[in-house]
Amino acid sequence: MKVAKSDFFKYQTQTTPNPLGLEVDFARGNYIYDNKGIKYLDFVAGVSACNLGHCHPVVEKSIIKQLKKYMHVMVYGEFIQKKSVQFCKLLAGEFPENLQNIYLTNSGTEAIEGAIKLAKSVTGRQEIISASNSYHGSTQGSLSVLGKEAQKKAFRPLIPSIKFITYNNEEEINAITHKTAAVVLETIQGGAGFILPKNEYLKKVKNRCEQVGCLLILDEIQTGFGRTGTLFGFEKFEVIPDILVIGKAMANGLPVGAFCSAKKYMEQMQQQTKLGHITTFGGNAVIASAAYATLKVLLKSKLIHQVKEKELLFRKYLTHPKIKKINGTGLMLAIILETSNEANELVLKCLERKLILFWLLWETRAVRISPPLTITKKEIKKGCQIILNVLDEI
Ligand SMILES: Cc1ncc(COP(=O)(O)O)c(C=O)c1O
């Protein structure tokens, strides 16, 4: 039965005034199909969440197999559940020792909440330092460390003792002191325009954290699981955080997140406060089965190794006088145009031509390109041609 568009507007809350309104029937691989059977090439991947493409058969099979056994019993780290343990062990195998203890959550923002609590608990300090123009999620703790006042004003008071520094500004690193519990940074700033750390900025922040005895939290919710050409961005920038926060592509489209740290820190939080962080569904059996299958496929396949080559193809095709620059790295790219109007038009007109693009949060002249890592060279060429044709017209 067809769903009336008017019911969508009447009964479901929207987050933007003019939703794209694509009526989705199903999605497979690098395409989303609408209710008329028309297929759209997806350069967004559920906002960097479906790195293996939609409904990857191995992930799908793993979920169905788990569904037939059980969906949910209890998490809280009480019962031993095969898929969660297998996932955590496989992921830990990719990490340095100080990140090998993994707390599974429902979402990225919940994982940020957990990471902030962990840092406060471990250091006994209250101050958190974040970066202006950052995005870390929409719950109150994550919102407190989010670096855009306009987004927070209506919801104050938020958590006290939060300070902001300018990302990539080395002088401001001195604001990190012995009072600081943690510094929380995106490895690559997303909403700000896919801004990369420059001049070993993250290394310098980490050094300062070590000097003053505070923890470095890296938010890799968007950069994780191969998106930038390494499994995680911290490998690329050669900085090991004290707490790593992940989510989005972790279960290739099911809701999940995690904060990862040293076992001694997690134990400290647990001993200090009984049930220091609890969550009813975080990483339950179905989600964990998807996460485990996703990670196995990612590690076995050549997808991550092919990211650089695909990035270069995008950069080769996307030359146009209206494109001022392309920010980002790997398959986390942002086309920067001259005005936000152009960015708006580009997204809307490409949708008419069956190519899905999307905007970034704070950089309004940007259009995101974050396709599934499974995107083919042919599809990259086809999608870029649509973009160039639209740019010629606007
Ligand atoms: C860098 C970053 N941190 C945190 C979040 C919040 O994650 P979630 O939407 O799963 O709560 C996002 C989501 O867009 C993100 O990109």
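Note that the numbering runs from 1 along the sequence shown for the chain. Values in this document were obtained by computation on a predicted structure and should not be read as measured data. First listed ligand is number 1; within each ligand, the first listed atom is number 1.
T105 and T279 share no side-chain donor-acceptor pair at under 3.5 Å.
A salt bridge links K163 with E127: the closest approach of a Lys/Arg side-chain nitrogen to an acidic carboxylate oxygen falls below 4.0 angstrom.
Across every non-hydrogen atom of S144 and Q140, the tightest pair is OG-O, 2.6 Å.
For the side chain to side chain contact (heavy atoms under 4.5 Å, CB included) test with Y31, the passing option among L41, D42, I356 is L41; the others fail.
Protein residues having a heavy atom under 4.0 Å from any atom of ligand 1 are S107, G108, T109, Y135, H136, G137, E186, D219, I221, Q222, K248, listed by chain and number.
For residues 383-394, the pairs satisfying side chain to side chain donor-acceptor pair (under 3.5 Å) are H320-D392, R353-E393, Q385-N389, with sequence neighbours left out.
The aromatic rings of Y33 and F26 sit parallel, their planes meeting at an angle under 30°, below the 60° perpendicular limit.
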